[in-house]
Each structure stands twice: as structure tokens, then as C-alpha cells.
Protein chains: 2
Amino acid sequence: MRLTTKGRYAVTAMLDLALHGSDRPVSLADISGRQDISLSYLEQLFAKLRRNELVKSVRGPGGGYRLSRARDEIFVAEIIDAVNESVDATGCGGTADCQQGEVCLTHHLWCDLSKQIHGFLSGISLANLVERREVKNIAARQDARSQNPAPAETLTLAEL
Amino acid sequence: MRLTTKGRYAVTAMLDLALHGSDRPVSLADISGRQDISLSYLEQLFAKLRRNELVKSVRGPGGGYRLSRARDEIFVAEIIDAVNESVDATGCGGTADCQQGEVCLTHHLWCDLSKQIHGFLSGISLANLVERREVKNIAARQDARSQNPAPAETLTLAEL
DNA sequence: GCAATAACCTACTATTTTAGTCAATTAAAA
DNA sequence: TTTTAATTGACTAAAATAGTAGGTTATTGC
Ligand code: FES
Ligand code: FES
């Protein structure tokens with residue numbers, strides 16, 4: 001199991017899409033600006049998200065990405081699965097054979113843990129996140145900043 | 001958050017210690033043989049486990065390691081913490097400042113996930129694992145094999 | 001038709017982590 | 001005093017992370 005910035009970036013970007021993509025497609029440049037994620041890196045992540053049919057793309061001017069399903073039908077676990085390998089915590093990937101073809105001493109523990117994590121993350125949809133108060137507040141802060149994109153040297157206290 | 005073979009090896013080795021270390025210290029060579037973990041790698045892991053006061057060492061012939069506490073007072077979460085950095089899933093480590101000093105969109109989600117994982121793994125002690133039927137069975141298999149250590153070429157079906 | 005936009009694709013890279021190996025030293029028991 | 005086994009430190013190959021760079025293709029508005 002691994003959860004690094006790759007998975008975190010993917011969920012953050014998808015949440016940004018859920019927040020801003022209700023009417024028009026959202027470009028990666030927009031997401032990059034709001035969430036401080038490298039544009040080229042986002043391209044890599046969205047290639048995987050598209051392959052896993054979590055987003056649809058629209059090319060050309062005014063284009064970008066939109067969610068391929070409703071916000072309440074996309075779950076955090078799917079997003080992490082799409083960019084990472086999986087949220088599986090076992091060493092064997094479920095085949096119960098990591099000790100020379102036989103099940104190891106701690107296999108069942110990692111299975112239980114995997115179920116725990118997967119159960120938790122597949123119970124949270126983008127819609128759930130969008131509804132959260134903290135998420136709304138943070139999104140409002142990000143929107144305010146991006147509408148008035150001043151260089152770092154001239155940032156006022158009010159903008160922070 | 002990361003859970004790789006490092007953390008899995010550590011838990012497996014500690015469980016081996018809980019299973020075999022009731023009367024005498026257990027040498028790393030024994031654990032290495034039973035669990036198929038490189039001896040030198042175990043040495044590295046046990047250096048960390050000792051620094052975190054999860055095990056005590058006994059040098060010299062007949063020496064080895066023993067648990068520094070009772071089996072029901074050592075929890076899986078502690079073991080993983082000792083060798084890995086932590087089971088924390090956030091990018092900020094709890095300081096809520098991963099986006100240029102401010103909290104990011106998904107901070108609360110990763111906090112919740114961390115609590116979930118930590119709650120699960122800190123509720124499982126070595127004593128809990130030792131009592132499990134599957135663990136007993138697998139340990140019995142491993143013991144039978146190690147008492148009759150034949151080279152791979154001459155292994156009989158009965159030994160497998 | 002043309003320029004601008006933005007997805008799409010491929011390849012490359014620096015850094016870090018993993019999963020070890022190797023060699024030498026120290027302490028204790030037999 | 002020899003053997004056992006922990007202890008320490010340095011080193012390494014391979015993989016993954018977190019990007020960067022440069023180009024190509026499709027679409028839209030002018
Ligand atoms: S983790 Fe599944 S057999 Fe070891
Ligand atoms: S993960 Fe805590 S602020 Fe981003």
C-alpha cells in the first residue's frame with residue numbers, strides 16, 4: 001500500500017473538478033493554478049484518470065476535463081486506484097502466497113487492513129467532500145486568490 | 001503513508017518473537033530461517049525496534065531478542081511506526097499547511113483516513129494475533145519445516 | 001483558412017526509498 | 001579462548017516519486 005502525493009494530487013484535482021466543472025470543462029491550467037500542482041504532472045495523472053473512465057476530455061479552446069459520472073458516483077478509492085496501483089496492503093496482492101508459494105504469517109492482518117481502508121475510502125464520494133464545510137471554505141479562499149492573481153511580492157494580507 | 005515489505009517484515013518478525021520467545025531469547029538467524037527474511041535486513045529493522053524500546057537484546061551464545069513488554073501491550077501500529085516513518089496519510093504531517101502555508105483542499109480527508117488506519121492498527125496487539133487460528137496453523141507449518149531443515153532439492157511432499 | 005488553445009504523448013531526469021549486502025567490532029557464554 | 005550473536009557503518013542495485021521538456025493533434029473563434 002502506498003499513499004503519496006500522487007494519490008493525494010489526483011483526489012485534490014478531481015475534487016477541484018467537482019467544485020468548478022458543473023457548467024463548463026475545466027482546463028488543467030486552471031487546476032494547476034488553484035491547487036499548486038505542476039501542469040505536466042497533472043497531464044500524467046489525468047491520462048490515467050481518463051483511461052480509468054473517471055473523466056472525459058474536451059479538446060481545443062474552452063476545452064478541458066469534466067467528470068464522466070455524477071459527483072455522488074465517484075469515490076475516493078477509485079481515484080487512488082486509478083493513479084496508484086491500489087490501496088491493497090498485502091504483499092501478495094490477495095493470492096496468499098508470499099512465502100515461497102504459501103501464505104505468510106501476517107497475510108490475514110493485511111487483508112483485514114486492506115478491507116478497512118478500502119471500505120472507508122469507497123464510502124466517500126466527491127459529492128460528500130463538496131458538501132463539507134471546510135472544503136467549501138478552502139475552495140472559496142482559492143477562488144478569491146485565483147480571480148486576483150497578483151505576483152508573490154505584492155500579495156496583500158487580505159488576499160492570504 | 002506507506003506500508004511496504006519493511007513494515008510487513010517488522011510485524012512478521014515481532015509476531016515470530018511473540019510465538020517463540022516465551023522462554024528464551026530468539027536469534028535473528030532463527031527468525032530469518034522461519035520467515036524468509038534476509039538476516040542483514042532484520043538487523044537493520046531490529047536496531048530501530050530496539051531504539052523504540054519494543055524489544056530487548058541479549059548478546060552472546062543463546063542470546064537474541066525478546067519482547068520488552070507483554071504480548072498484549074505491543075500493538076501493530078507501534079511496530080510500523082518504529083520502522084517506517086508513520087502511518088500518517090497527510091502530506092503535511094498534521095500541520096495543515098501543505099499549500100504554501102495554508103491548509104489544502106483534501107487535508108481533512110487524509111486526517112480522517114489516518115485516524116481510521118491508526119485506530120484499526122493500534123487496536124490489534126501481538127497477543128490478539130497469536131490467538132488467531134490461522135496464525136497458529138501457519139506457525140505450526142513453519143516450525144515443522146524448520147525442525148527438519150532439508151535443502152530445497154530433497155524436500156518431500158509431506159514437509160510442504 | 002489561420003491562429004490560438006488545450007489535450008495528448010513520449011521521453012528524459014534528479015531525488016528518494018526500498019531492500020538489501022558486506023565487513024568489521026563488541027559482548028557474553030560455554 | 002573459542003564461538004555465538006548482537007551491533008555498527010558503509011555501500012549498492014533497483015524501483016518509485018515527482019517532476020521537466022518538447023513535441024503532436026484536435027477544436028474553436030476570428
Ligand atoms: S501478504 Fe498475503 S501471503 Fe503474505
Ligand atoms: S495534507 Fe494537510 S494541509 Fe494538505
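Within every chain, numbering begins at 1; the chains are lettered A, B, ... in the order of the sequence lines, protein sequences first and strands thereafter.
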Decide whether [X] and [Y] meet the rule of one side-chain donor and one side-chain acceptor closer than 3.5 Å.
X        : Y        : value
B:Arg34  : A:Gln99  : no
B:Asp88  : B:Ser114 : yes
A:His107 : A:Asp97  : no

Return the value, rounded to whole Å, for the distance between atom [atom1] of [X] and atom [atom2] of [N].
X       : N      : atom1 : atom2 : result
A:Arg2  : D:dA18 : CZ    : P     : 11 Å
B:Arg66 : D:dA5  : CZ    : P     : 14 Å
B:Arg24 : C:dA28 : CZ    : P     : 21 Å
B:Ile37 : C:dA19 : CD1   : P     : 11 Å

| A:Pro61 or A:Lys6: which one's nearest nucleotide on DNA chain D is closer to the 5' end? |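 Of the two residues, A:Lys6 wins.
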| Of the nucleotides D:dA6, D:dA16, C:dT18, which one has an atom closest to the side chain of B:Tyr65? |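 Within the option list, the nearest is D:dA6.
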| field | Residue B:Ser27, side-chain heavy atoms: nucleotide from D:dA18, C:dC8, D:dA5 that is nearest | value | D:dA5
| A:Arg69 side chain vs A:Ile74 backbone, donor-acceptor pair below 3.5 Å |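 No; zero donor-acceptor contacts below 3.5 Å.
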| Donor-acceptor pair, B:Ser32 side chain versus B:Leu28 backbone, under 3.5 Å? | no
| said: Heavy atoms within less than 4.0 Å of DNA chain C: which residues of residues 38-51 of chain B have one? Give them sorted by number. | reply: B:Ser38, B:Ser40, B:Tyr41, B:Gln44
| request: Over 60° means perpendicular and under 30° means parallel, so classify the ring planes of A:Phe46 and A:Tyr65, tilted if in between. | output: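 A:Tyr65 and A:Phe46: tilted rings.
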Are any of [X]'s side-chain N or O atoms less than 4.0 Å away from OP1 or OP2 of [N]?
X       : N      : value
B:Thr4  : C:dA19 : yes
A:Arg59 : C:dT5  : no
B:Tyr9  : C:dT18 : no
B:Ser57 : D:dA6  : no

| Taking NZ, NE, NH1 and NH2 as the nitrogens, is one of them in A:Glu102 or B:Arg145 under 4.0 Å from a carboxylate oxygen of the other? | yes
